[in-house]
Amino acid sequence: MPVYELLDGRLAPANQTLFQIEGLKERQDIQRMLREQIAVLGDDLLVLAEEYGGWVDSNRRIDLLCLDSEANLVVVELKRDDAGHMELQALRYAAMVARMTFAEAVAAHAEFRRHNGVDGDGAEAAILAFLRWEEATEESFAQSVRIVLASADFGKELTTAVLWLRDQGIDITCIRLSPCKLSDGRLLLDVQQIIPLPEAAAFQTQIGLKRQAERMDRIERHDLRYRFWELLLDRAKTRTSLHANLSPSKDTWKSAGIGKRGFQLNYGLRQHDCSVYLWIADNKAAYNALLSEREAIETQFGAAFIWFEADGQKGCSIAYNMEGGYRSPPEEFEQIQDRMIDAMIRLEKVLVPRVLAMK
């Protein structure tokens with residue numbers, strides 16, 4: 001949106017200009033002014049360091065390294081003109097400082113204060129006062145790293161990348177700095193947060209938290225299933241060679257061929273229940289042949305099966321379900337797995353000879 005000047009009872013648009021046209025340099029002018037008035041970028045920020053590069057084997061430096069009121073580190077990257085690929089640079093910096101300790105932050109702030117003619121010995125007290133802490137709490141310090149990108153212009157590629165990064169749970173903000181010139185030659189700076197839009201920030205935060213929780217739940221499920229399969233396959237090897245060549249994974253099933261194309265003996269695993277089943281791929285005649293022996297098959301197995309034939313699918317299954325899944329208490333895993341292995345051995349004994357005898 002353009003900036004207007006109220007001039008003699010009318011609205012006069014301020015002329016858009018460029019930092020370089022006005023002779024303003026990126027580091028000496030823009031960075032300096034924002035360093036001295038960091039509230040322009042956020043009213044909860046404290047500048048810890050300027051041109052920070054406290055890492056080994058790299059000459060890269062963060063324009064402004066800040067701290068927010070929640071004790072999170074904030075990487076501020078500035079560009080006078082086109083933002084280019086500054087999001088990639090900022091991500092590298094965020095990764096580099098992610099493990100910063102409270103003591104390292106104090107040392108960086110002390111150096112910053114000395115460089116600007118302020119007593120460095122007051123660095124720790126200044127940080128504690130800003131955070132409203134009585135004493136340093138290492139486990140609460142720098143639990144996250146935020147990124148603020150400030151530039152006169154943001155291209156479509158960059159904003160697309162930023163929106164995707166936010167969707168992945170990265171806290172990254174874009175602030176546009178637009179210089180304007182009034183009729184009398186005075187300069188204004190129009191500061192607009194463009195990502196996320198301020199009025200949508202709370203809603204987007206809620207969506208982000210939901211997606212983050214869903215992502216963490218998915219990771220947890222994958223980890224639990226992997227561990228369950230790892231234990232089951234290891235235990236099964238001592239009793240049957242059917243699935244001996246398989247490796248654990250995050251999947252919800254484990255399949256093994258029986259020596260005849262289109263037939264598989266599978267373990268199935270869900271949150272609170274599990275199964276063993278014969279999968280018959282695109283062979284209705286074979287399924288019907290086994291179904292015709294249902295009573296004899298289930299009697300020999302010792303329990304009833306679930307005979308499943310779904311419309312529109314190219315397969316059928318004959319399954320035996322049991323209680324207990326990957327979200328069961330870990331101390332119950334062995335009992336659940338023993339039941340699954342026992343059922344698989346019985347399933348193989350009952351069904352495989354019948355399938356192999358089919359023409």
Side-chain angles (χ1 to χ4, degrees), residues 26-55 58 60-80 83 86-120 122-133 136-152 154 162 165-166 169-177 189 191-196 198 201 205:
E26 184 171 291
R27 183 176 301 175
Q28 294 94 323
D29 297 312
I30 302 171
Q31 184 170 306
R32 175 186 55 79
M33 289 186 287
L34 290 175
R35 179 196 74 208
E36 295 173 354
Q37 291 180 278
I38 194 62
V40 171
L41 300 181
D43 56 11
D44 68 336
L45 297 179
L46 169 73
V47 178
L48 282 179
E50 182 179 19
E51 296 296 322
Y52 179 78
W55 36 65
S58 177
R60 298 182 180 277
R61 296 182 179 276
I62 299 173
D63 293 338
L64 296 173
L65 178 61
C66 301
L67 194 66
D68 70 14
S69 57
E70 299 297 322
N72 299 309
L73 294 171
V74 183
V75 171
V76 177
E77 278 301 294
L78 307 171
K79 285 288 184 280
R80 185 178 68 164
M86 65 189 302
E87 83 284 8
L88 300 178
Q89 188 175 15
L91 284 172
R92 288 196 293 264
Y93 293 161
M96 288 176 172
V97 298
R99 297 185 180 275
M100 175 177 270
T101 65
F102 183 82
E104 290 170 337
V106 170
H109 193 50
E111 176 62 28
F112 170 74
R113 287 166 63 92
R114 285 191 290 268
H115 184 75
N116 288 281
V118 182
D119 180 17
E124 180 172 358
I127 294 174
L128 291 175
F130 172 76
L131 296 175
R132 298 182 180 180
W133 287 1
T137 308
E138 193 66 57
E139 60 270 20
S140 299
F141 183 77
Q143 295 300 296
S144 182
V145 182
R146 293 168 46 201
I147 295 173
V148 174
L149 307 178
S151 176
F154 292 94
V162 167
L165 288 168
R166 289 187 61 82
I170 305 298
D171 191 338
I172 182 168
T173 300
C174 290
I175 298 178
R176 185 169 55 211
L177 308 175
L189 184 63
V191 181
Q192 297 287 338
Q193 180 174 305
I194 62 171
I195 298 177
T205 298

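Interatomic distance, L46 CG to D68 CG, rounded to the nearest 0.5 Å: 10.0 Å. The OG atom of S69 sits 8.0 Å away from the CG atom of L131 when rounded to the nearest 0.5 Å. Distance CD/E87 to CD/E77: 11.0 Å, rounded to 0.5 Å. Taking CZ of R27 as the start and CZ of R80 as the end, the distance is 12.5 Å to the nearest 0.5 Å. Going from atom CG of N116 over to atom CZ of R35 covers 4.5 Å, rounded to the nearest 0.5 Å. A distance of 5.5 Å separates CZ in F154 from CG in L149, rounded to the nearest 0.5 Å.
At a threshold of 4.5 Å between non-hydrogen side-chain atoms, the residues N72 and V145 do not count as touching. Side-chain atoms of L45 and R146, non-hydrogen and from C-beta on, do get closer than 4.5 Å to each other. No side-chain heavy atom of I62 sits less than 4.5 Å from a side-chain heavy atom of M96. Side-chain contact between Y93 and L65 is absent, with no heavy-atom pair separated by less than 4.5 Å. Taking 4.5 Å as the limit, some side-chain heavy atom of L34 sits within range of a side-chain heavy atom of L177. Within the 4.5 Å cutoff, side-chain heavy atoms of V148 are placed close to those of V76.
Judged by distance alone, with hydrogens and angles left aside, the side-chain atoms of H109 form a donor-acceptor pair with the main-chain N or O of V47 at under 3.5 Å. For R166 (side chain) and V162 (main-chain N/O), no donor-acceptor pair under 3.5 Å exists by modelled atom type. A donor-acceptor pair is defined here as one N or O able to donate and one able to accept, closer than 3.5 Å; no such pair exists between the side chain of R60 and the backbone of G53. Remark: the backbone N or O of A107 is not paired with any side-chain donor or acceptor of E104 at under 3.5 angstrom.
No hydrogens or angles considered: a donor-acceptor pair under 3.5 Å links the side chains of Q31 and E51.
When all heavy atoms of F102 and F141 are compared, the closest pair comes out as N-CD2, 3.5 Å.
Crowding of Q37 atom CD: a count of heavy atoms from other residues, nucleotides or ligands under 6.0 Å not exceeding 12.
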